Amino acid sequence: MTAVRLREARIGYGDVAVVEGVDLTVADGEAVAVLGSNGSGKTTLARGLLGLATVLGGEVEVLGAPVGRLRRPPPAQRGRIGYVPQRHTVSGAVPATVREVVGVGRLARLGPFGRLRPADRSAVQDAVAAVGLADRLGDPVASLSGGQQRRVLVARALAAEPELLVMDEPTAGVDAASQDALAAVLADVSATGTTLLVVTHETAALAGVLTRAVVVDHGRIAYDGPLAGAGSTDDGHHHPEGTGLPPARGYRQDQPRVTTDGGR
Amino acid sequence: MEVLEYGFMQRALLASLMVGLVAPAVGVFLVQRRLSLLGDGLGHVALTGVAIGVLTSTAPVGTALMAAVLGAVLIELVRARGRTSGDVALAVLFYGGIAGGVVLLSLAPRGQATNLEAYLFGAITTTTTADVAVFGAITVVVLGVVGLLGSRLYAVSDDEEYARAVGLPVLALNVVLAALVAATVVLSMRVVGLLLISALMIVPSAVAQQLARSFRQTVYLACAIGLVTSVAGTTASYYAGTPSGGTIVLLAIALFLLATTAVAVREATARRRHRRRAEVHAAHPHEHGAGCGHPAVLHGDHVDYDHDGHLHAPHRTGAGVHYDEHGEHAPPAGTGGRA
Ligand SMILES: Nc1ncnc2c1ncn2[C@@H]1O[C@H](COP(=O)(O)OP(=O)(O)O)[C@@H](O)[C@H]1O
Ligand SMILES: [Mg+2]
């Protein structure tokens with residue numbers, strides 16, 4: 001089966017397309033890095049798959065079900081997707097523990113009135129342990145640092161044990177040791193057949209896990225191929241035909257240097 | 001107790017007990033969503049419902065409930081369309097509701113019970129036995145729904161986008177929450193009045209969230225605070241001859257100020273103690289170890305060192321040796337996270 005299939009997709013907000021003419025097919029179990037400079041449209045692309053940005057044209061299919069103008073995924077997708085939003089920290093005016101926030105990750109898997117069972121609770125514990133916060137399970141999320149809160153959001157997505165895991169810069173603001181830990185966790189998750197789509201700038205840390213790279217530039221896909229080759233678009237002059245746009249500011253600097261030595 | 005000898009006071013206390021319990025149980029979710037004023041807006045809409053009830057000589061509680069639920073569903077649909085901001089939609093609801101209510105009530109024939117003030121500020125002693133029965137039903141339904149769907153309502157209130165992304169029925173849950181708010185508004189109408197309803201939903205939660213560590217704790221604590229202030233306020237208003245609504249809300253606000261002060265003092269004390277310790281440590285720096293002079297205390301998987309009455313747990317970091325303070329409470333929330 002195909003996890004993600006986009007055909008001539010136009011995705012944006014309101015009536016304005018941010019991402020255009022995107023053709024992308026991700027097979028089940030693939031591990032894909034989505035790269036590109038700030039403002040190129042990576043987040044919009046990811047949100048389009050989740051029904052959070054508007055599909056303005058073309059086809060977007062996720063886990064075999066079309067994502068249309070509907071604002072939420074069709075029932076077939078419920079509980080099968082995990083998502084780490086780009087927003088850096090946990091919000092909410094009322095205190096909530098790590099356990100409570102991560103527990104939300106299990107909810108969509110249950111029926112409309114289902115309650116968390118022991119199996120769900122242990123999945124929550126495992127997910128929190130996987131991001132190295134096992135000793136903080138009962139602590140209010142607000143008492144954690146920004147990087148730790150980021151890891152809580154990763155745990156929430158992991159707890160869902162999803163078929164498709166979409167992560168928007170999960171490594172931003174996270175220290176090097178935790179990035180390596182995340183890479184190990186993602187390797188495990190990937191080994192169970194989960195499809196990974198990770199928006200990131202830190203390809204070095206995740207190079208051992210992510211095998212394919214999609215580079216987004218000005219809302220179009222500028223490169224799609226092995227992760228190790230993604231740096232080749234960084235020749236400074238080459239630009240995909242047809243966009244009619246000058247190279248994005250900051251593109252060269254932002255383009256991650258991909259190392260092939262396993263990323264340590 | 002004298003206050004319990006009168007039937008009207010028994011009904012009043014019963015009504016305030018139910019309101020005190022229900023309003024915060026729903027209000028916590030509104031606070032979490034930063035939509036604290038939704039209750040206010042629906043209170044205004046309920047006034048139109050009251051007026052319709054008075055004009056058509058039906059029970060105002062029923063028509064108010066219908067108007068508030070309709071308004072609640074409407075506002076969620078407007079929010080879901082995403083064209084108008086929730087803010088503007090709320091404002092339209094506010095003013096439309098109260099203007100409609102005032103105008104319609106003025107059309108009621110003379111001799112009708114059109115005591116506007118009783119609806120705006122509450123008239124708890126006019127609670128009838130039939131009212132108490134309706135309130136009881138509303139209480140059971142609202143608490144039942146919160147018990148059944150609480151974790152999902154929390155999920156949607158905490159991070160609506162995530163909930164939508166993973167396929168939770170966000171719109172349905174939002175409509176359910178709005179309907180719960182509407183039901184609570186009607187329940188609270190007699191006790192605190194339409195203008196003060198929001199306070200009873202929001203203030204107990206504002207107190208509880210400063211003291212609790214988890215969402216669940218916040219809900220329980222807010223309900224307990226609501227219950228106590230509501231019953232105590234109603235009792236006090238009987239003896240002092242003050243309006244019940246205002247008395248209850250002032251009591252709740254007093255608790256809020258008390259909790260805020262207490263938390264501020266606690267944090268200041270913790271900061272001072274930390275500074276003092278830092279000075280003590282700077283005065284005689286050394287690495288704890290066997291034979292350093294400080295008694296070693298086995299603490300789970302590691303050794304602490306008894307150090308001027310508090311325990312040090314040494315562990316190596318990139319920058320050298322660092323000591324965690326053990327045998328202490330965890331730092332209070334709000335003093336900043338540990339990186
Ligand atoms: N909610 C939004 N409404 C309108 N435009 C948006 C919104 N979010 C992002 N954009 C626009 O879309 C473009 C791409 O943003 P984004 O997808 O977040 O880029 P990236 O994730 O690659 O940094 C930006 O120019 C931004 O201004
Ligand atoms: Mg982004």
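Here is the naming used below: chain letters follow the sequence lines, and residue numbers restart at 1 for every chain. On a predicted model such as this, the values are computed, not experimentally measured, just so you know.
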Next item on the list: Please tell me if the side chains of B:Ser151 and A:Leu116 come closer than 4.5 Å, counting only heavy atoms from C-beta onward.
Entry: no

Item checked: Interface residue of largest heavy-atom contact number with chain A, from B:Tyr154, B:Phe215, B:Phe29, B:Tyr162, under 4.5 Å -> B:Tyr162

Checklist line | Contacting moiety of B:Arg33, where chain A heavy atoms sit under 4.5 Å | finding: neither

Check: Which bit of A:Arg156 is near chain B, if near means a heavy-atom gap under 4.5 Å: side chain, backbone, both or neither?
Finding: both

Checklist line | Side-chain heavy-atom pair A:Val94, B:Val28 within 4.5 angstrom cut-off | finding: yes

Check: Would A:Leu110 and B:Arg152 satisfy side chain to side chain contact (heavy atoms under 4.5 Å, CB included), going step by step from the backbone distance to the final call?
Finding: CA-CA 11 Å; A:Leu110 313 173; B:Arg152 283 164 184 76; 3.7 Å; yes

Check: Do B:Glu161 and A:Tyr83 have side chains that get closer than 4.5 Å, going by heavy atoms?
Finding: yes

Notebook entry, point to check: Highest number of heavy-atom pairs under 4.5 Å with chain A: which of B:Ala208, B:Ala172, B:Ala155, B:Ala206?
Noted result: B:Ala155

Check: What's the shortest heavy-atom distance between B:Leu168 and A:Ala108, and which atoms?
Finding: CD2-CA, 3.9 Å

Next item on the list: Compare every heavy atom of B:Thr218 with every heavy atom of A:Pro95, then report the nearest pair and how far apart it is.
Entry: CG-OG1, 3.6 Å

Notebook entry, point to check: Rounded to the nearest 0.5 Å, how far apart are CZ of A:Arg115 and CG of B:Leu148?
Noted result: 6.0 Å

Item checked: Distance, nearest 0.5 Å, that separates CG of A:Leu52 from CD of B:Glu160 -> 10.0 Å

Notebook entry, point to check: Going from CZ on B:Arg213 to OG1 on A:Thr97, what distance comes out if it is rounded to the nearest 0.5 angstrom?
Noted result: 9.0 Å

